[in-house]
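Below is one structure, written out as C-alpha cells; the observations come after it.
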Amino acid sequence: MDTIGVLMTCPMYSYLEQELDARFNLFKLWQHSSKVDFLKTNQHKIKAIVGNTKIGADAELIDALPELEIVATFSVGLDKIDLRKCKEKGIRVTNTPDVLTDDVADLAIGLILGVLRNICACDGYVRSGKWKDADFELTTKFSGKSVGILGLGRIGAAIAKRAEAFGCSISYHSRSQKPNSNYKYFSNVIDLAKNCQILVVACALTEETQHIINQEVIDALGPKGVLINIGRGAHVDERELVSALLEGRLGGAGLDVYENEPEAPEQLLGLGNVVLLPHVGSDTIETSNAMADLVIANLEAHFDNKPLLTPVI
Ligand SMILES: O=CC(=O)O
C-alpha cells in the first residue's frame with residue numbers, strides 16, 4: 001500500500017503518524033507553506049484524508065482532491081467533515097467510536113467531582129502551604145445528585161452508568177426516547193435542565209445541536225446547577241455561559257471543550273467554580289493507540305476492498 005497517498009491534515013499523535021508513514025505514501029499538510037501549491041502538485045496522488053477534531057475535511061479540501069476515496073478521522077466527532085459533500089461524491093468516512101467511550105465518560109465524572117469538590121483548588125491549597133493556616137472550605141456532595149444527560153449515545157450512556165454508581169438519579173434528552181432505557185426522558189432540553197442538578201452535554205455537534213445550551217437552558221439549570229461539557233464548544237453559547245457564571249445565575253461549570261479552541265474565555269480563568277480542561281477527553285495513551293490502530297485498520301480494509309470496521313458513510 002506504500003504507493004497510496006494519505007494526507008494528514010495537522011499534527012496528531014506520533015504513533016499514528018509513524019504507522020501511517022510505514023504503510024502508505026504519507027503527506028503532511030502542515031509541513032507545506034503553501035497549501036494551494038501543495039494540493040495542485042499532489043492532488044492526483046491522494047486517496048485518503050486523516051483528520052481530527054482540529055482540521056478535518058471541509059468542502060474545499062474534498063473538492064481539491066479528485067482521487068479522494070476515504071476520510072478516516074482520528075476522532076469520534078464528525079463535525080469537522082463535510083459529510084454532505086462526502087455522500088454526494090461517494091467518499092467513504094470512518095471515525096473512532098467505542099474505543100474512547102470509557103475515557104470520555106471517566107473524564108466527565110472527573111469534571112463533576114472537580115467542580116463539586118473543588119479538587120483543583122484543594123490541590124493548590126496544599127501546594128501553597130495555606131493548609132497550615134486553616135482547613136479548606138466545605139464543598140458540595142456529588143453522590144445522590146440528579147444528573148441530566150444531553151445525548152444518550154455511547155458516551156452519554158457510559159456517563160449515566162458511572163453516575164448511577166454514585167447513587168445519582170439519571171434523566172436525559174435526545175432526539176427520540178430510547179426504548180430500552182429506564183432513565184427519565186425529557187422531550188426538550190429546558191425541561192431536562194429544570195429537573196437536574198448537573199447537566200452533561202454528550203451529544204454530537206450538528207446544525208441542530210449548535211448552541212443547544214443557550215440562555216434559557218442555563219437559566220433553567222439555575223444558580224445551583226452545574227454544566228459539564230465533554231461534547232463540543234459550539235454546543236454552548238459561550239457568551240451566555242460566561243455571563244451566567246459571572247452573574248451567579250449558574251452554579252458552576254466543568255469544560256473540556258470551547259467555542260474557539262485552543263482559547264478558553266478569559267473571564268473564566270479567575271473563577272473558582274469552574275474547571276477548565278484542554279480538550280483531553282480521549283487523550284490517554286491506551287485510547288490514543290486504539291484510535292490510531294482503528295484509523296489504520298479502516299484505511300487498510302478500504303484499500304483491500306474489505307468491509308470498513310467503523311463506517312459512517
Ligand atoms: O473530541 C474528541 C473526538 O471527537 O474524538
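One-based numbering along the sequence shown. Bear in mind that the values here come from a model prediction, so they are computed numbers and not experimental data. Note that ligands are numbered from 1 as they come in the structure, with each ligand's atoms numbered from 1 the same way.
Using a 4.0 Å cut-off to heavy atoms of Thr53, the atoms of ligand 1 that qualify are 1 (O), 2 (C), 3 (C), 4 (O). Listed by number with element, the atoms of ligand 1 under 4.0 angstrom from any heavy atom of His279 are 1 (O), 2 (C). Remark: ligand 1 atoms within the under-4.0 Å shell around heavy atoms of Arg232 are 1 (O), 2 (C), 3 (C), 4 (O). Within the listing of ligand 1, atoms 3 (C), 4 (O), 5 (O) sit less than 4.0 angstrom from a heavy atom of Ser75. Atoms of ligand 1 found under 4.0 Å from any heavy atom of Leu100, numbered from 1 in the order shown, are 5 (O).
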Which is it for Asp293 and Tyr15 under the side-chain hydrogen bond (donor to acceptor under 3.5 Å, both in side chains) test, yes or no, and what are the steps along the way?
CA-CA 9 Å; Asp293 289 342; Tyr15 168 73; 2.6 Å; yes

For the pair Tyr258 and Asn229, evaluate side-chain hydrogen bond (donor to acceptor under 3.5 Å, both in side chains) and give the outcome as yes or no after the intermediate values.
CA-CA 9 Å; Tyr258 310 87; Asn229 190 4; over 6 Å; no

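For Val104, no heavy-atom contact with ligand 1 is shorter than 4.0 Å.
The option with the heavy atom closest to atom 3 (C) of ligand 1, from among Val76, Leu205, Asn52, is Val76.
Listed for the Asp98 side chain is no donor-acceptor partner under 3.5 Å among the backbone atoms of Thr101.
By the 30° and 60° cut-offs, the orientation of the rings of Tyr185 relative to Tyr172 is tilted.
Counting all heavy atoms, side chain and backbone alike, Leu227 lies closest to Ile213 at CD2-CG2, 4.0 Å.
Other residues, nucleotides and ligands contribute only 12 or fewer heavy atoms inside 6.0 Å of the NZ atom of Lys54.
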